[in-house]
Amino acid sequence: MTSSLIGDRSRRTGARPSGRVARTVLGGAAGLVWLMLPVMTISTGSAVAAPDHGPAAPAAAHPGPTAPTAAHPRPAAVREAGAADYAVPLAVAAAAGAAAALGHRRRTRRARTRTTPGGPPATPAGEPLADLDERAGRALVSADDCLRTSREELGFAEALVPADALAPAERAVRRAADELAAAFALRQRYDDDGARDEETRRHLLVGIIGRCAEAGRRLDAEAAGFDRLRALETDPYRALAVAEARFRELTGRVGAADATLVELDKRYAPSAVTGVLGCTEEAKDRLVFATAHLNQARRSADLGRPDAAARELRAAEGAVAQAGVLVAAVDRLAAELSTAADLVPDALAAADAALADVRKRRAEPDPGAATAGLGARLARAEAALSAVRDDLGAGPCDPLDVLTRIVRAVAPLAPGRSGVLPSAARLAALSATAAAADFVTTHRGAVGFQARTRLAEAERLLAADAADCADLLMAGQLALQARELAERDVRAWRVADPDARVSGFEGAVLGGVLLGGAPGGGPPGSFGGPGTRGRRRDA
């Protein structure tokens, strides 16, 4: 899949030859004019009579050449000189054509073999592979942060800016997302095939860096126009009203989310709600942060300091957006667990039917069917389903985990892309992937590229139309890995006291609301790539 992405990008980067073609045509036309100039300046008709200025002198008294006519053919020497006139322009035109053809061939060959837009990015000669690997990881994290922040601010802009005016920014976000998805696919390919030779590994890392750079470039290119549309620096009051309305809505929803968590804890096993424990506390912390910055933004606007107002407002918007993600995670999990619990009986029935079909095939074997090891696989599936039933009878369970176990037991015997079992696998995988994405979004100040790569691969598998049970199970497993890696990164970030509660500016930096690197948490993140997202700094 990744190689096709590389090839597709190469074709696109080599598919814009209009400038080169124009130069080639212009050069060819100039050469053709030069080539035809002698022909256009040679008279092939009769001599034109000279104007009558008086009596003509006798011809014998003034001998001299006359214009060639049919009666006076061109002398041989003149014909040879005329032929020589063609030699130089003809040689120059031929040389120019050959040079143009050779240059075009070289450019085409380079475009077909490169993995990055516009050619591979410059890398120091002899850069160690470990350094290049580290640089590629930083590029992935930076591009992913920029994309997530840009989407957040775009969500606030949609409330006030007409859709057609936002189209360029939305297009930039989509194309940046495509570039980043390709970069993550390259990284997954790099991680999966560890035994690849060093030259190929280097080629993949350079491709990752180039894709990330292109994603950032697309966002940077629209940052200035996006600022003009939002007009935070000129009229912050309208955007303030939108942010304050969302803040008030979320303040009411946090209490309801707390009540939902209590109810989930009563109905399901503790493992079912582990992924959202602490979400409401973090949401409250983000809202406290947003309160302070909304107040500062309004005060700055009233004092005629629009730049400061825009900076404070953008920080508040980022915190409100993350509070929304954290609250929505609780509501979404409640809905997923309810759906999964309703689906468990149907999934068990579908699994029993699939195993019955396998037993029937064993009893009446098809001479052409592959039955080697079928008995052992059947026994393992039966044992797994028996264990699921025992757990269901023992008390509260995790319905999403139960669905995964049912599908995992039967998938080797009854693969498929439709029916109850694939639906169960998709529900479980979607839940795990959404939970991992929420955690990365709200802790992106600490999460590294490995967690993000596994998450991107899970999302890619879920997006595939032809995904079967095996693909969906793999997507769920990758999402769980992403969550585990992200939590590990956060613990490392909190190295001084891993169990301490992070709040205020620290929480905003951990969440990527503030970009860090300065007292007070640094500037807020804004729409744009690495070159523009931190533009709202203190004056």
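Interatomic distance, Asp193 CG to Gln188 CD, rounded to the nearest 0.5 Å: 9.5 Å. Asp144 contributes atom CG, which lies 9.0 Å from atom SG of Cys212 (distance to the nearest 0.5 angstrom). The CG atom of Leu180 lies 13.5 Å from the CZ atom of Arg187; values are rounded to the nearest 0.5 Å. We find the CG-CD1 distance between Leu204 and Ile209 to be 11.5 Å, quoted to the nearest 0.5 Å. Note: Gln450 CD to Arg452 CZ = 12.0 Å, rounded to the nearest 0.5 Å. Interatomic distance, CZ of Arg299 versus CG of Asp302, reported as 9.5 Å (0.5 Å rounding).
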Steps toward side chain to side chain contact (heavy atoms under 4.5 Å, CB included) verdict (Asp145, Leu515): CA-CA 10 Å; Asp145 283 350; Leu515 301 182; over 6 Å; no
Criterion side chain to side chain contact (heavy atoms under 4.5 Å, CB included) on Thr280 and Val327, from CA distance to verdict: CA-CA 6 Å; Thr280 56; Val327 171; 5.8 Å; no
Glu282 and His443: CA distance, side-chain angles, deciding distance, side-chain hydrogen bond (donor to acceptor under 3.5 Å, both in side chains) verdict: CA-CA 10 Å; Glu282 288 192 63; His443 299 80; 3.1 Å; yes
Full working for side chain to side chain contact (heavy atoms under 4.5 Å, CB included) between Ser526 and Thr149: CA-CA 6 Å; Ser526 298; Thr149 301; 5.6 Å; no
Val513 and Phe505: CA distance, side-chain angles, deciding distance, side chain to side chain contact (heavy atoms under 4.5 Å, CB included) verdict: CA-CA 9 Å; Val513 174; Phe505 289 120; over 6 Å; no
From CA spacing to verdict: side-chain hydrogen bond (donor to acceptor under 3.5 Å, both in side chains), Thr339, Asp342: CA-CA 5 Å; Thr339 301; Asp342 292 340; 5.9 Å; no
Pair Asp178-Arg174, salt bridge (Lys or Arg N to Asp or Glu O under 4.0 Å): steps then yes or no: CA-CA 6 Å; Asp178 290 342; Arg174 287 195 303 271; over 6 Å; no
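A donor-acceptor pair under 3.5 Å is absent between the side-chain atoms of His203 and the main chain of Glu199, judged by distance alone. Formation of a donor-acceptor pair under 3.5 Å by the Arg175 side chain with backbone atoms of Glu214 is not found in this model. Under the 3.5 Å distance criterion, the side-chain polar atoms of Arg238 are left unmatched by any main-chain donor or acceptor of Asp235. A donor-acceptor pair is defined here as one N or O able to donate and one able to accept, closer than 3.5 Å; such a pair exists between the side chain of Ser150 and the backbone of Cys146. Side-chain atoms of Glu312 do not come within 3.5 Å of backbone N or O of Asn295 as any donor-acceptor pair.
The salt bridge (charged side-chain N to carboxylate O under 4.0 Å, His left out) search around Glu198 returns Arg202, not counting sequence neighbours. When the side chain to side chain contact (heavy atoms under 4.5 Å, CB included) test is applied to Glu244, the partners found at least two apart in sequence or on another chain are Leu240, Arg248, Leu294, Arg298. Listed by chain and number, the residues in a salt bridge (charged side-chain N to carboxylate O under 4.0 Å, His left out) with Glu487 are Arg483 (sequence neighbours excluded). The salt bridge (charged side-chain N to carboxylate O under 4.0 Å, His left out) check on Glu170 picks up nothing, with sequence neighbours excluded.
Of the options Asp307, Asp227, Asp220, a salt bridge (charged side-chain N to carboxylate O under 4.0 Å, His left out) to Arg535 is made by Asp227 and by none of the others.
When all heavy atoms of Leu514 and Gly521 are compared, the pair lying nearest together is CB-O, 3.1 Å. Phe449 approaches Gly137 most closely through the heavy-atom pair CD2-CA, 3.5 Å. Between Leu232 and Leu313, the shortest heavy-atom contact is CD2-CD2, 3.7 Å. Of all the heavy atoms in Ala429 and Ala475, the pair that sits closest is CB-CB, 4.3 Å. Shortest non-hydrogen contact noted between Leu403 and Ala424 is CD2-CB, 3.9 Å. The two residues Ala290 and Ala319 make their nearest non-hydrogen contact at CB-CB, 4.0 Å.
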Which pairs would a plain distance check flag for residues 152-168, meaning a side-chain donor or acceptor within less than 3.5 Å of a matching protein atom at least two apart in sequence or in another chain?
| residue | atom | partner | partner atom | Å |
| --- | --- | --- | --- | --- |
| Glu152 | OE1 | Arg444 | NH2 | 3.3 |
| Glu152 | OE2 | Arg444 | NH1 | 3.3 |
| Glu152 | OE2 | Arg444 | NH2 | 3.3 |
| Glu153 | OE1 | Arg314 | NE | 3.3 |
| Glu153 | OE1 | Phe527 | N | 2.7 |
| Glu153 | OE2 | Arg230 | NH1 | 3.1 |

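By the 6.0 Å contact criterion, CZ on Arg148 is enclosed, its count of non-hydrogen atoms from other residues, nucleotides or ligands being greater than 12. More than 12 heavy atoms of other residues, nucleotides or ligands sit less than 6.0 Å from atom CZ of Arg138.
Between Lys284 and Asp258 there is a salt bridge, since at least one side-chain N of the basic residue sits less than 4.0 Å from a carboxylate O of the acidic one. Salt bridge absent: Arg246 and Glu249 never bring a charged side-chain N and a carboxylate O closer than 4.0 Å. Under the 4.0 Å criterion applied to side-chain N and carboxylate O atoms, Glu127 and Arg135 are assigned as salt-bridge partners.
Within the cation-pi definition used here (under 6.0 Å to the ring centroid, within 45° of the axis), Arg201 qualifies as a partner of Tyr190.
For the residue pair Gln477 and Arg454, no side-chain donor N or O sits within less than 3.5 Å of a side-chain acceptor on the partner. Between the side chains of Tyr268 and Asp401, no donor N or O sits under 3.5 Å from an acceptor N or O. With no hydrogens or angles considered, a side-chain donor-acceptor pair links Ser431 and Glu336 at under 3.5 Å.
Screening residues 508-520 for salt bridge (charged side-chain N to carboxylate O under 4.0 Å, His left out) gives no qualifying pairs among residues at least two apart or on separate chains.
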